[in-house]
Visitor: 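Structure in structure tokens, see below.
The first residue in the sequence is number 1, and the count goes up from there.
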Amino acid sequence: MYLVYQPEGSDEPKRWKYSPKKLMSAEREMLERRTQLPFTEFTQDVLKGSSVCRRALLFMYLKRDHPGVKYDDVDFAWDELQLEYSRSELELMRAEAAEHATGEERAAALARLDAEIETAYDDTEDEGKASLPVVG
């Protein structure tokens, strides 16, 4: 999964690989302090669209690139920040849907996933097996 930030007026989006299991302990602890959530809940709330969690996550990535950035400086319009599944994650979800879903639900899910796979960011250069971006 990728956190994609494209502030108004920028030509190209900034894309960070979001892999919760690969975050360093200091980053996980900062995210817990900022959001007042245990890390497992944080990862779920990021996917659910929590503004607080997504702001904290954007702050973490911006701070990596610009160590002097302050949390209060991180402000974004909702359409400037997105989470995007990678092609391999979508292919994993498609395989699971093909195996477990049935009937019209299956057909609709597969069609939606096929459309998303066509335009998804190709992460084939990234190492490792795809997994969903939550921590259990």
Visitor: Could you grab the distance from atom CE of Met30 to atom CE of Met24, nearest 0.5 Å is fine?
Guide: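 It comes to 13.5 Å.
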Visitor: Quick check for you: to the nearest 0.5 Å, what is the distance between Leu83 atom CG and Tyr2 atom OH?
Guide: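 These two atoms lie 12.5 Å from each other.
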Visitor: If every non-hydrogen atom of Ile117 is compared with every non-hydrogen atom of Arg94, which pair is closest and at what distance?
Guide: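 Here Ile117 and Arg94 meet closest at CD1-CD, 4.1 Å.
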Visitor: Using distance only, find each side-chain donor-acceptor pair of residues 3-13 under 3.5 Å and give its atom names and separation, not counting sequence neighbours.
Guide:
| unit_1 | atom_1 | unit_2 | atom_2 | d |
| --- | --- | --- | --- | --- |
| Gln6 | NE2 | Ser10 | O | 3.2 |
| Gln6 | NE2 | Asp11 | O | 3.4 |
| Ser10 | OG | Pro7 | O | 2.8 |

Visitor: Between Leu58 and Phe76, is any pair of side-chain heavy atoms under 4.5 Å apart?
Guide: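 Leu58 vs Phe76: side chains touch.
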Visitor: Please enumerate all residues that pass side chain to side chain contact (heavy atoms under 4.5 Å, CB included) together with Thr35, with sequence neighbours excluded.
Guide: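 Thr35 satisfies side chain to side chain contact (heavy atoms under 4.5 Å, CB included) with Leu37, Phe42, Val52, Cys53, Ala56 only.
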Visitor: How long is the span from the CD atom in Glu96 to the CG atom in Leu92, to the nearest 0.5 Å?
Guide: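 Atom-to-atom, Glu96:CD and Leu92:CG are 4.5 Å apart.
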Visitor: Can you name the side-chain hydrogen bond (donor to acceptor under 3.5 Å, both in side chains) partners of Arg28, sequence neighbours left out?
Guide: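 Counting only residues at least two positions away or on another chain, Arg28 forms no side-chain hydrogen bond (donor to acceptor under 3.5 Å, both in side chains).
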Visitor: Would you check if there is a donor-acceptor pair between the side chains of Ser88 and Glu91 at a distance under 3.5 Å?
Guide: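 No, Ser88 and Glu91 have no side-chain donor paired with an acceptor closer than 3.5 Å.
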Visitor: Quick one: side-chain hydrogen bond (donor to acceptor under 3.5 Å, both in side chains) pairs with a partner in residues 98-112, sequence neighbours left out?
Guide: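 The answer is Arg112-Glu116.
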Visitor: How far apart are the closest heavy atoms of Leu113 and Leu90, and which atoms are they?
Guide: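 Residues Leu113 and Leu90, closest heavy atoms: CD2-CD2, 3.9 Å.
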Visitor: Specify the closest pair of heavy atoms between Ala97 and Leu110, including all atoms of both residues, with the distance to one decimal.
Guide: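 Heavy atoms of Ala97 and Leu110 come nearest at CB-CD2, 4.1 Å.
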Visitor: Looking only at heavy atoms, which two atoms of Phe39 and Leu31 are closest? And how far apart?
Guide: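 Taking every non-hydrogen atom into account, CE1-CD1, 4.0 Å.
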Visitor: How would you list all residue pairs meeting side-chain hydrogen bond (donor to acceptor under 3.5 Å, both in side chains) that involve residues 67-84, not counting sequence neighbours?
Guide: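 Applying side-chain hydrogen bond (donor to acceptor under 3.5 Å, both in side chains) to every pair that reaches into residues 67-84, excluding sequence neighbours, yields Arg15-Glu84.
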Visitor: Taking only residues two or more places apart in sequence or in another chain, which ones pass ring pair (Phe, Tyr, Trp, His ring centres under 6.0 Å) with Tyr61?
Guide: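 Listed in chain order: Trp16.
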Visitor: When rounded to the nearest 0.5 angstrom, what is the spacing between CZ in Arg34 and CG in Leu57?
Guide: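 If we round to the nearest 0.5 Å, Arg34:CZ and Leu57:CG are 13.5 Å apart.
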Visitor: Kindly state each residue pair satisfying salt bridge (charged side-chain N to carboxylate O under 4.0 Å, His left out) with at least one member in residues 49-66, sequence neighbours excluded.
Guide: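 Qualifying pairs: Lys14-Asp65, Glu27-Arg64.
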